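In the text below, chain A, chain B and the rest are named by the order of the sequence lines, each starting its count at 1. A quick note: this is a predicted structure, and the numbers were derived from the prediction, not measured.
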There are 2 protein chains.
Amino acid sequence: MVTLDFLSNDYKEKKTTAQLVEEKIEIDIISGRLAPGKRINERDLCEKYGLSRTPIREILRRIEGNGLVRSIPNRGVFAVGLSPQAVDDLYYLKSILEVQCVRWAIERIEEHQMEMLTETFDFMQFYTLSNDLGKILRINDGFDAIIYDAAHNRELEARLRRYSFLLKYASSDISYPLNYLPTVLEEHRAIYEAFVAGDAQAGAEAAEIHLYKTMLRRK
Amino acid sequence: MVTLDFLSNDYKEKKTTAQLVEEKIEIDIISGRLAPGKRINERDLCEKYGLSRTPIREILRRIEGNGLVRSIPNRGVFAVGLSPQAVDDLYYLKSILEVQCVRWAIERIEEHQMEMLTETFDFMQFYTLSNDLGKILRINDGFDAIIYDAAHNRELEARLRRYSFLLKYASSDISYPLNYLPTVLEEHRAIYEAFVAGDAQAGAEAAEIHLYKTMLRRK
DNA sequence: AGTGTTAAAATTGTATACAATTTAAACTGG
DNA sequence: CCAGTTTAAATTGTATACAATTTTAACACT
């Protein structure tokens, strides 16, 4: 038995207030509440979050490093935002990376990671019947997280996490409506069985199919 | 005739002092002069670059967003740096992305971009005979830049640019010693001809071969 | 009324001051 | 001499003040 802490209902990463504000601003940008191309006023953010300009500016710099705002010297920072085209770009890029990720993960997965994957897939099967959507989404994320980790490429993992975050708030529609759950489970099963068989090529193909079908459901 | 401004000898992007300092600090981290895991003292950086803590901290936040430092609240920022493993990770990831990039670029390249590519490849042939290494490296970068652009995926382009930058300063050895130049030219020719033929699959394979051979030369 | 110029207001960039926290040093008792 | 505690120094986090620049508004002139 391994620990799968992401399964617990009150699982939350601990964050500082600065990180919290950062995430809020990012989500405002991604979701379009801060319109793309619009100048972001520092004073407004200060008032909104009860901080002075210094920490707000530092947060904006970090967001700039993450690419969601662009700063022009002496003129301010501007929301970059995600156009429909940019969202598609992200989606296709993430797909490419995930296929490669599965390939590498099957080649490199460690024993304890394989145990976690098995256990997670068992949970997935069980909860698919339960219709507890929140839990299922969390399990699916956990399934992905294990695969991201098992690929043993920290940068790849970082990108996939980032793109998951961006797409989560960029696309308004739910990825997995309840009636699709059994289908999604079967797609995951194909991936999981490739892990069991140690067949990287089969895994990559199964991942490609899963992502393609997810894209169709997304539209 | 199209403008290929990256060919000129004094081609430099205009940067503010803050961006310049940022790049210097990043290069210090990548090249290992700021040891991975070591705490970075703000005051030292202030003295070194003649700035007060406020702009230095903003620069560090942007670098944090870019992933080269990690910040722990109340304890400081720590250089993340690139271990040999991390460099390999980046290299493999970049290769995957470049292959995909070539594939998309061949499918989506626009007429004026194709003109630029042709012109750049002609220059490449010409200067390979000249042994002007500086110019050749710039032309090769330009060749890549056109392909990055032609793929029409801004995030993909951003990642490839970033990884090129990181690997440029992370690997101590020169990628293209003079005696390899004719070989490299032929590898580029295969890619270029796939563009001419509009054969995405052939382009992807040619890119894969090129990257594989580059890797061998790198070791 | 429209255009170009000048002055005022607003906004960003930087430096400094102080509070909060951590790290290093000094000290005490065994 | 060493472990644990207390105190001092150093470092980070935040707020504020002022300089530099840009944006907006007012104004004069044709």
Side-chain angles (χ1 to χ4, degrees), chain A residues 12-30 32-81 158, chain B residues 12-30 32-81 158:
Chain A
K12 285 234 164 43
E13 288 176 29
K14 46 191 167 298
K15 297 199 170 97
T16 68
T17 57
Q19 288 172 314
L20 229 59
V21 171
E22 180 184 353
E23 195 167 307
K24 279 185 184 170
I25 295 174
E26 283 203 328
I27 293 174
D28 276 352
I29 294 171
I30 301 165
R33 276 188 293 278
L34 278 171
K38 199 187 166 197
R39 192 167 124 270
I40 298 174
N41 188 295
E42 293 174 4
R43 200 175 302 278
D44 293 349
L45 289 180
C46 294
E47 197 179 319
K48 183 169 181 181
Y49 295 106
L51 291 169
S52 77
R53 282 180 59 219
T54 310
I56 287 289
R57 281 174 63 91
E58 292 190 6
I59 290 169
L60 286 175
R61 293 297 178 225
R62 201 155 40 201
I63 296 177
E64 187 186 2
N66 278 330
L68 277 179
V69 302
R70 174 170 130 270
S71 152
I72 301 176
N74 290 316
R75 323 238 356 213
V77 303
F78 299 80
V80 168
Chain B
K12 286 231 164 47
E13 287 175 30
K14 47 193 167 295
K15 297 197 169 97
T16 69
T17 57
Q19 288 172 314
L20 228 60
V21 170
E22 180 184 353
E23 194 167 306
K24 279 185 185 171
I25 295 174
E26 283 203 328
I27 293 175
D28 276 352
I29 294 171
I30 301 164
R33 276 188 292 277
L34 277 171
K38 199 186 166 197
R39 195 169 121 269
I40 296 174
N41 188 295
E42 292 174 4
R43 202 173 301 279
D44 294 348
L45 289 180
C46 294
E47 197 179 319
K48 183 168 180 181
Y49 295 106
L51 292 169
S52 78
R53 281 179 61 219
T54 310
I56 286 290
R57 281 174 63 92
E58 291 190 7
I59 289 168
L60 286 174
R61 292 298 177 224
R62 200 155 39 200
I63 296 177
E64 186 186 3
N66 278 330
L68 277 179
V69 303
R70 174 170 131 270
S71 151
I72 303 177
N74 292 314
R75 323 270 302 252
V77 303
F78 299 80
V80 168

task = Evaluate side chain to side chain contact (heavy atoms under 4.5 Å, CB included) for B:E26 paired with B:I63, printing each intermediate quantity in order.
result = CA-CA 7 Å; B:E26 283 203 328; B:I63 296 177; 3.9 Å; yes

request  = For B:E58 and D:dA15, give me the distance from atom CD to atom P, rounded to whole Å.
outcome  = 14 Å

key: Derivation of the salt bridge (Lys or Arg N to Asp or Glu O under 4.0 Å) call for A:E58 and A:R61   = CA-CA 5 Å; A:E58 292 190 6; A:R61 293 297 178 225; over 6 Å; no

message = Considering every strand and a 4.0 Å limit on heavy-atom distances, what is the contact class for B:I40: base, sugar-phosphate, or nothing?
response = sugar-phosphate

request  = For B:P36 and B:V80, work out which heavy atoms get closest and say how close.
outcome  = CB-O, 3.5 Å

ask   = Can you check the B:R70 CZ to D:dT12 P distance for me, whole Å?
value = 15 Å

remark   = Rounded to whole Å, the CG-P distance (B:N41 to D:dA9) equals 18 Å

query = Expressed in angstrom and rounded to an integer, what is the separation of A:E42 atom CD from D:dA15 atom C1'?
reply = 14 Å

task = Please tell me which of B:R43 and A:L51 maps to the more 5' nucleotide of DNA chain D, matching each residue to the nucleotide holding its nearest heavy atom.
result = B:R43

ask   = What distance separates B:E42 CD from B:I59 CD1, expressed to the nearest 0.5 Å?
value = 11.5 Å

task = Apply side chain to side chain contact (heavy atoms under 4.5 Å, CB included) to A:V77 and A:R57, showing your working.
result = CA-CA 10 Å; A:V77 303; A:R57 281 174 63 91; over 6 Å; no

Between the protein and nucleotides 16-22 of chain C, which nitrogen or oxygen pairs are less than 3.5 angstrom apart?
from: C:dT16; atom 1: O4; to: B:T54; atom 2: OG1; distance (Å): 3.3

ask   = Which nucleotide sits closest to the side chain of A:P55: C:dA15, C:dT11, D:dT14?
value = D:dT14

ask   = Considering the options A:I56, A:V21, A:D28, which one meets the side chain to side chain contact (heavy atoms under 4.5 Å, CB included) requirement together with A:K48?
value = A:D28

message = Both A:I72 and B:R39 contact DNA chain C. Taking the nearest nucleotide for each, which residue is further toward the 5' end?
response = A:I72

ask   = Touch check for A:L60, heavy atoms < 4.0 angstrom, all strands: base, sugar-phosphate only, or nothing?
value = nothing

query = Once you round it to whole Å, what is the distance between C1' of D:dT14 and OH of A:Y49?
reply = 18 Å

note = Rounded to whole Å, CG of A:D44 lies from P of C:dA10 at a distance of 13 Å

message = Strictly below 4.0 Å: does A:R61 bring a side-chain N or O up to OP1 or OP2 of C:dG13?
response = yes

key: Heavy-atom neighbours of A:R33 CZ exceed 12 at 6.0 Å   = yes

